[in-house]
There are 2 protein chains.
Amino acid sequence: MKLKVKKISLNTGGPFVAVLNEDDAELLDVRALDRVNIKGIEAIVDISKENHKTAVNKGEIGVLIELFENLKLKNGSAVNITPANKPESLVFIRKKLDGGKLKDREINVIIRDVVKNRLSETELTYFVSGCYTHGLEMNEVVNLTKAIVEHGGELKWNKKIILDKHCAGGLAGNRTSMIIVPIIAAAGYIIPKTSSRAISSASGTADTVEVLCPVSFKVNEIRKIIKKTNGCLVWGGAIGMASADDRLIKIEKLLSLDPRGLLLASIMAKKMAVGATHVLVDIPCGKEAKIKDMKEALKLKRQFIELSKRLKIKTRVIITNGSQPIGNGIGPNLEARDVMDVLKGKGPLDLREKSLHMAGIMLEMAGEKNGLEKAKKILDSGMAYKKMLEIIKAQNGRVKNASRIKLGEYKKEFFAEKRGIVRRINNNKANSIARIAGAPEDKFAGILLNVKRNIKVNAGELIFTIYSSNKDRLRYASDSSDSFIEVE
Amino acid sequence: MKLKVKKISLNTGGPFVAVLNEDDAELLDVRALDRVNIKGIEAIVDISKENHKTAVNKGEIGVLIELFENLKLKNGSAVNITPANKPESLVFIRKKLDGGKLKDREINVIIRDVVKNRLSETELTYFVSGCYTHGLEMNEVVNLTKAIVEHGGELKWNKKIILDKHCAGGLAGNRTSMIIVPIIAAAGYIIPKTSSRAISSASGTADTVEVLCPVSFKVNEIRKIIKKTNGCLVWGGAIGMASADDRLIKIEKLLSLDPRGLLLASIMAKKMAVGATHVLVDIPCGKEAKIKDMKEALKLKRQFIELSKRLKIKTRVIITNGSQPIGNGIGPNLEARDVMDVLKGKGPLDLREKSLHMAGIMLEMAGEKNGLEKAKKILDSGMAYKKMLEIIKAQNGRVKNASRIKLGEYKKEFFAEKRGIVRRINNNKANSIARIAGAPEDKFAGILLNVKRNIKVNAGELIFTIYSSNKDRLRYASDSSDSFIEVE
């Protein structure tokens, strides 16, 4: 059917979409979410209904911006439209929803279609639902990981050892990567670290690194940075590798689903994609962490080990203290200051100790002896600090800025109301207060902690300060800070 | 945050959508699929990404047509945008996805939000997935039905008996409603029959009625038609009652899911919505029907009975012969001709017998004795035919047309290749051939059967004819008709 192109100024970020008038759709015998072929490209059909004031008239085809530009169409020109088959992957998605076990090829086809943006959100949601409800067997997770890497791209190195780390997350201020990377790189090992931005927390590692230097680099730029410095601290989202799960994660977040198999595959695919051979996984476990229960932590540990074995990646998993935030600062600038302080041999002790512990293990995984001592030596000698400045420079940062990190223009201090012992520093509240104050977009916003759990405080003693660049936000954040720190 | 309105000429048919620039979304701390409030109305957020040539610039808010018109906005005017909470129903959708049993109020809130168009397709898909995977208990189905009716609207009558029927479907040519309605109406009972259009079949009852008269009426128009004639034959989709399930059905179709509980609720809600007190349900069972297995048919029967009891609707369920299509014609005009022939005392015997059988039961449900005899008398005396002409007239049809129904301009006849017995008339193929020939949009297109199952044919005997208004379509349909009728 010949139809006249009508450009629609909307991008979905998802699959290509074409809008048909209801009558034309009937003639073509296509329904909403069916596919049509336009000049060799498939688009998902949306229908313009007769009972609405129609945007797309009979004889027209509405083409959304992404497809319009991809096909280099002209507004008003005529194109030929034919019905197209639905993607093969839908059969396998249905199979998973029905509780079936997916074969290697079936998973590969699903991930291929996800990466090629051939699936609608509804179809992806069915896949996530299926994985969530019926779970994925280890075999499926292995194939899923490989498929994500296959369709995303992989960095190759001519070295035998490529180190990486991952944190199963949840603790505010837990910026160990920014200390571990310079230590490992200074020791002469390659560590191509990619990190994420905050989704619901005060700051992700990428947000905090961004205080010091840019974090968005393409694959070949990352190669150059690492050639210069052995390490990098970049935002994984900018690379476009292992990208299949970005769309799936968006759908999981919607109901805060946590489909274990998908998450494991997503994490390990990112490690495989940067070419990692040795990985240290940190699982914080405790009242304030994402994982609160030791049994759950041990189960996750076993899954990481098993999956890594199958992927031929050497992985160690440590379960760490998840009873409170790490470091003193929460929010990009405050955290960056903690990190630079530790690298200069000062800074919060818990952040220093945890980073050294992990760097030590990683050095030993690489074959070194007395890893912890070596890590300490690299840190205390200033080699790690020097390496960090190199990395900042290689990532186009101005090194000067690293030594004078500013905090928010407006601040409000909070004092203990009574004498007692700090019983709880509420991690969720920390994230929420810092976000209300403006983090992570407002780099200056956040919380500075003056206390840690189980220490004694006197009535009237300063326990924390909220910073912000915006007076209103500071007030609003302050109003939300009730019972953030509990003293008993 | 104040943003400048930018009208986007696209209607989704779904919830209200507003498009934010990535930077503004960050400042508001909203992500895709979050909600914002614009002038007291909630909209789902879509994000315009920086790596695309942006449709929505910083400082602008893209507003899709439906919302733009609902709020009577002006292009370029400034509006205030605030983040809004996600709908409460998401918590309950998550609960169902996790296998929980939904309470009365929880289901009511979900259906309210569906009807109010507050949920995105992804969120609806999670609900459908949950219902599909974990099923719905009868209690949930009852509450779901009531909620659909509550939020859709209900016709009220000052009569004690309102009759209705439903067919669990699947057989081509099965147009009993068009014979039963005039019989019941002629007997003096109210029968406000709503029907659907074809989705994947050659013709739905609404498509076939449309050959004779319009089928799209509003609730108050239907009242008038029924006041005049006791009955109607209208398209359910036009009324906008019990509309909650329209969006859910669209999502179910996508993976051809058949979440029993949702379907039962959807059917019975339509009966409740027209005020039915007595309902006859026809479940065709057999090789060519949707339900192929007697155990399955009996299970469905029990569920209909149980649900009806809980809804205080008197329901009888019959399981009928699903071994082949009903009547001779398949396709709107061909079926309409069968129906008018039966009403005139002629026509295909199977369609006549089945309709009389069902009308007889319904008359007895209404309290009459010897229902079948009464139905026969009404049909054979011409009263039903007269009533049908009344209904056609009340629905603004031209009665003249009913007596001279045309078939397709082009036709191709098919002959038995050998002597033998007709073993199979493939129902799926019948629908597919008729659709390729142009049905249901091309009213003239379809198949005329000259044989029934288990009859003897000679080599060279005419067994069926394909009709179409379009030469190419006729050829294509003919090419697809291999082994449609099997003779052995």
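Each chain gets a letter, A, B and so on, in the order its sequence line appears, and its residues count up from 1.
By the 4.5 Å heavy-atom criterion applied to side chains, A:Ser89 and A:Glu106 are not counted as neighbours. Using a 4.5 Å heavy-atom threshold, the side chains of B:Pro87 and B:Arg35 count as touching.
For chain B, the option among A:Asp98, A:Thr125, A:Leu90 with the highest count of heavy-atom pairs below 4.5 Å is A:Thr125. Top candidate by heavy-atom pairs under 4.5 Å with chain B, chosen from A:Lys86, A:Glu441, A:Glu123, is A:Glu441.
A donor-acceptor contact under 3.5 angstrom links the side chains of B:Ser129 and A:Ser129, judged on distance only.
Looking at B:Arg197, neither its backbone nor its side chain comes within 4.5 Å of chain A, counting heavy atoms on both sides. Using a 4.5 Å cut-off between heavy atoms, B:Thr133 contacts chain A through its side chain alone, with no backbone atom that close.
Across B:Asn75 and B:Phe68, no two heavy atoms sit closer than the pair N-CZ, 3.7 Å.
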